Amino acid sequence: MEERSDAELLTELQGGAASAFDALYQRYRARLFSFLARMTGRRDVAEELLQETWLRLATRAPELRPGSDVKPWLFTVARNLATSHLRWRLIDRERMSRLGLWPGHGAETPFDTASASESERRLEIGLSALPPAYREALLLVAVEQMEPAAAAAVIGVRPDAFRKRLERARALLAERMQEGR
Amino acid sequence: MNLSIHDVDPATAERIRARALRLLERRTRLAARPTLARAERLWARFLEPALVAAAGLVYIGWALGRVTRLISG
């Protein structure tokens with residue numbers, strides 16, 4: 001069966017189709033959760049914000065322009081929720097690194113459990129050490145494969161400012177990963 | 001950038017889905033009945049906050065009265 005586009009699913013969702021919600025949920029749940037977990041550094045908070053993101057889609061879908069792109073909308077909501085959370089709660093980075101981001105493999109640190117390889121482990125650590133503004137830029141472009149213009153819209157900055165931020169984020173991450181060697 | 005995508009556990013995923021679908025179903029039901037939707041909006045935006053504020057004021061008035069009576073013996 002041909003996969004329905006986001007725009008088609010949104011139109012169905014605006015009509016109240018639960019199957020359209022399920023399809024979008026299936027498509028973006030894990031991606032949003034990973035984004036939120038990396039932004040907040042906490043699995044429990046990421047789960048809460050993930051729930052809030054989907055509840056907003058369920059209630060506000062009719063307000064969206066028909067045919068508009070759902071992915072940037074979802075990431076904008078998730079990003080704004082994560083930013084509010086970070087604004088109100090300064091997380092002790094040391095404590096954060098001791099808390100489990102991903103459950104279940106019996107490894108010593110959350111990053112060990114999260115990382116399939118040494119380079120991924122270094123990447124996770126480097127990312128978690130970046131200021132949120134740089135982290136979100138990298139996550140949207142490099143992990144979510146968004147176009148810089150779309151990612152700039154999600155974050156709410158001008159494309160040229162976003163490009164500068166992205167460059168700086170890449171440089172900082174490279175520095176952090178060098179330090180972590 | 002090669003980073004793994006991680007998911008929530010199935011029970012959490014199902015809980016979130018069920019809550020969202022309940023909201024979606026409610027919203028769809030209300031959309032089909034505009035009068036009910038207007039009443040719901042009126043209740044949520046004005047009546048409920050006004051009632052909560054009134055209850056709070058009554059309680060504060062009562063508490064201040066009690067404290068005043070206690071202090072004045």
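Everything quoted here is computed from the prediction, not taken from an experiment.
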Linking I/L/V/M/F/W/Y whenever any side-chain heavy atoms sit under 4.5 Å apart, do [X] and [Y] land together?
| X | Y | result |
| --- | --- | --- |
| L51(B) | F46(B) | yes |
| M146(A) | L36(A) | yes |
| L172(A) | M177(A) | yes |

Worksheet item: Is the backbone of I16(B) close enough, under 3.5 Å, to the side chain of Y25(A) for a donor and an acceptor to pair up by distance?
Response: no

Item to complete: Indicate the atoms forming the closest heavy-atom contact of R38(A) with S4(B), along with that distance.
Response: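 Closest approach of R38(A) to S4(B), heavy atoms only: NH2-O, 2.7 Å.
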
Item to complete: Please look at A31(B) and chain A and tell me whether the side chain, the backbone, both or neither of the residue comes under 4.5 angstrom of a heavy atom of that chain.
Response: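 For A31(B), there is no contact with chain A at all, as no heavy atom is under 4.5 Å.
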
Fill in: Atom group of R19(B) that falls short of 4.5 Å from chain A, counting heavy atoms
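It is both, since atoms from each part get that close.
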
Item to complete: Would you indicate whether R15(B), at its atom CZ, is surrounded by more than 12 heavy atoms from other residues, nucleotides or ligands within a distance under 6.0 Å?
Response: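 More than 12 within 6.0 Å, yes.
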
Discussion item. Surrounding CD of E14(B) (heavy atoms of other residues, nucleotides or ligands, distance under 6.0 Å), is the total greater than 12?
Written reply: yes

Practice prompt. Could you check which of A30(A), G16(A), A18(A), G15(A) has the highest count of heavy-atom pairs closer than 4.5 Å to chain B?
Written response: A30(A)

Checking [X] against chain B: side chain, backbone, both or neither under 4.5 Å from a heavy atom?
| X | answer |
| --- | --- |
| Q14(A) | backbone |
| L173(A) | side chain |
| A46(A) | neither |

Fill in: Max heavy-atom pair count under 4.5 Å with chain A, selected residue of L3(B), L21(B), D9(B), T12(B)
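Of the candidates given, the most pairs with chain A belong to L3(B).
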
Worksheet item: To the nearest 0.5 Å, how far apart are CD in E144(A) and CD1 in I5(B)?
Response: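 One gets 5.5 Å once the value is rounded to the nearest 0.5 Å.
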
Worksheet item: Is any side-chain heavy atom of R17(B) closer than 4.5 Å to a side-chain heavy atom of Q26(A)?
Response: no

Practice prompt. Would you please go through residues 52-71 of chain A and name the residues with a non-hydrogen atom below 4.5 Å from one of chain B, in numerical order?
Written response: W54(A), L55(A), A58(A), T59(A), A61(A), P62(A)

